[in-house]
Amino acid sequence: MAEKVDKVTLPDDEWKKRLTPEQFDVLREEGTERAFTSPLNNEKHTGTFACAGCGLPLFPSKYKFDSGTGWPSFYDALPGHVETKTDHNLIVPRTEYHCARCGGHQGHVFEDGPKPTGLRYCNNGVALKFIPEKA
């Protein structure tokens, strides 16, 4: 069962103080970073990938896989920690997902991922922060 996530709502000027310009573009304006630019694409340590906006854990590292797309990719998300909506910005509608706490845009989910879910959460690395597992 998914845990209840309390919402965080801030005005744009507060988000601009907390985020880099690149993070603001992706998280608050639904931008997309260039492929193969995020160091998190190659992150292989054990830990958790969390929303760069509010710190909500989104993906344990065990869900990460190399999709070859140039963005960090995951085959599942923590229950209740992402919310989806349909994105009509391109010709073909896509499923967009956001952080359930702050509404920050993370990326898009596709049905071409590995087992066990068959999903690929294709995430903007700039929208994430990696929290390594403590030894």
Side-chain angles (χ1 to χ4, degrees):
M1 185 169 172
E3 74 177 79
K4 174 147 174 31
V5 175
D6 292 329
K7 303 289 184 184
V8 170
T9 305
L10 298 172
D12 280 351
D13 62 332
E14 184 59 32
W15 283 119
K16 286 180 180 178
K17 290 179 193 173
R18 295 175 180 222
L19 303 170
T20 67
E22 295 82 11
Q23 288 173 322
F24 185 84
D25 177 57
V26 171
L27 288 164
R28 308 314 312 165
E29 297 182 327
E30 299 181 349
T32 301
E33 71 183 353
R34 283 189 358 255
F36 299 101
T37 60
S38 173
L40 293 181
N41 197 37
N42 297 316
E43 179 59 63
K44 298 192 183 346
H45 293 93
T46 302
T48 303
F49 293 85
C51 176
C54 70
L56 181 70
L58 303 176
F59 308 100
S61 58
K62 67 182 179 181
Y63 293 173
K64 189 172 186 286
F65 71 99
D66 184 0
S67 66
T69 62
W71 289 281
S73 297
F74 307 87
Y75 65 80
D76 207 353
L78 291 170
H81 287 216
V82 298
E83 296 175 343
T84 62
K85 71 177 188 178
T86 302
D87 171 359
H88 295 282
N89 290 337
L90 296 179
I91 296 169
V92 177
R94 303 179 294 171
T95 302
E96 183 177 294
Y97 63 97
H98 297 254
C99 170
R101 179 185 288 155
C102 71
H105 171 74
Q106 295 292 320
H108 292 85
V109 62
F110 303 95
E111 294 181 354
D112 61 1
K115 291 180 181 180
T117 64
L119 300 175
R120 173 174 53 98
Y121 288 83
C122 188
N123 218 101
N124 288 284
V126 73
L128 294 171
K129 65 180 177 180
F130 180 70
I131 303 164
E133 186 176 280
K134 293 183 178 151

List the residues meeting ring pair (Phe, Tyr, Trp, His ring centres under 6.0 Å) with Tyr75, not counting sequence neighbours, and say none if there are none.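 Checked Tyr75 against ring pair (Phe, Tyr, Trp, His ring centres under 6.0 Å); matches are Tyr63.
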
Mind checking whether His108 and Phe110 have parallel, tilted or perpendicular rings, split at 30° and 60°?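 If you compare the ring of His108 with that of Phe110, the planes turn out tilted.
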
Can you classify the ring geometry of Tyr97 versus Tyr121 as parallel (below 30°), tilted (30 to 60°) or perpendicular (above 60°)?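 Perpendicular.
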
Quick one: are [X] and [Y] in side-chain contact, heavy atoms under 4.5 Å?
X: Phe65; Y: Arg120; value: yes
X: Glu43; Y: His45; value: yes
X: Cys99; Y: Cys54; value: yes

Check Leu40 against Lys64 and note the closest heavy-atom contact, atom names and distance.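 Looking at all heavy atoms of both residues, the shortest contact is O-CE, 3.2 Å.
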
Which pair of heavy atoms, one from Leu27 and one from Cys51, lies closest together, and at what distance?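 Taking Leu27 first and Cys51 second, the nearest heavy atoms are CD2-SG, 4.3 Å.
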
Heavy atoms of other groups near Glu14 CD, more than 12 under 6.0 Å: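 Enclosed.
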
Give me the one residue out of Lys16, Gln23, Glu22 that meets side-chain contact (heavy atoms from CB on, under 4.5 Å) with Leu19.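 Looking at Lys16, Gln23, Glu22, the match for Leu19 under the side-chain contact (heavy atoms from CB on, under 4.5 Å) is Gln23.
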
Please report the interatomic distance CH2(Trp15) to CD(Glu29), rounded to the nearest 0.5 Å.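 Answer rounded to 0.5 Å: 13.5 Å.
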
For Asn41, all residues meeting side chain to side chain contact (heavy atoms under 4.5 Å, CB included), sequence neighbours excluded: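 Applying side chain to side chain contact (heavy atoms under 4.5 Å, CB included) to Asn41 gives Phe36, Pro72.
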
List the residues meeting side chain to side chain contact (heavy atoms under 4.5 Å, CB included) with Thr48, not counting sequence neighbours, and say none if there are none.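 With sequence neighbours excluded, Thr48 shows a side chain to side chain contact (heavy atoms under 4.5 Å, CB included) to Pro57, given in chain and number order.
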
Is Val8 linked to Val26 within one hydrophobic cluster, defined over Ile, Leu, Val, Met, Phe, Trp and Tyr using a side-chain heavy-atom separation of less than 4.5 Å?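 No.
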
Donor-acceptor contact present, side-chain Glu83 to main-chain Lys85, <3.5 Å: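 Not a single qualifying donor-acceptor pair exists.
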
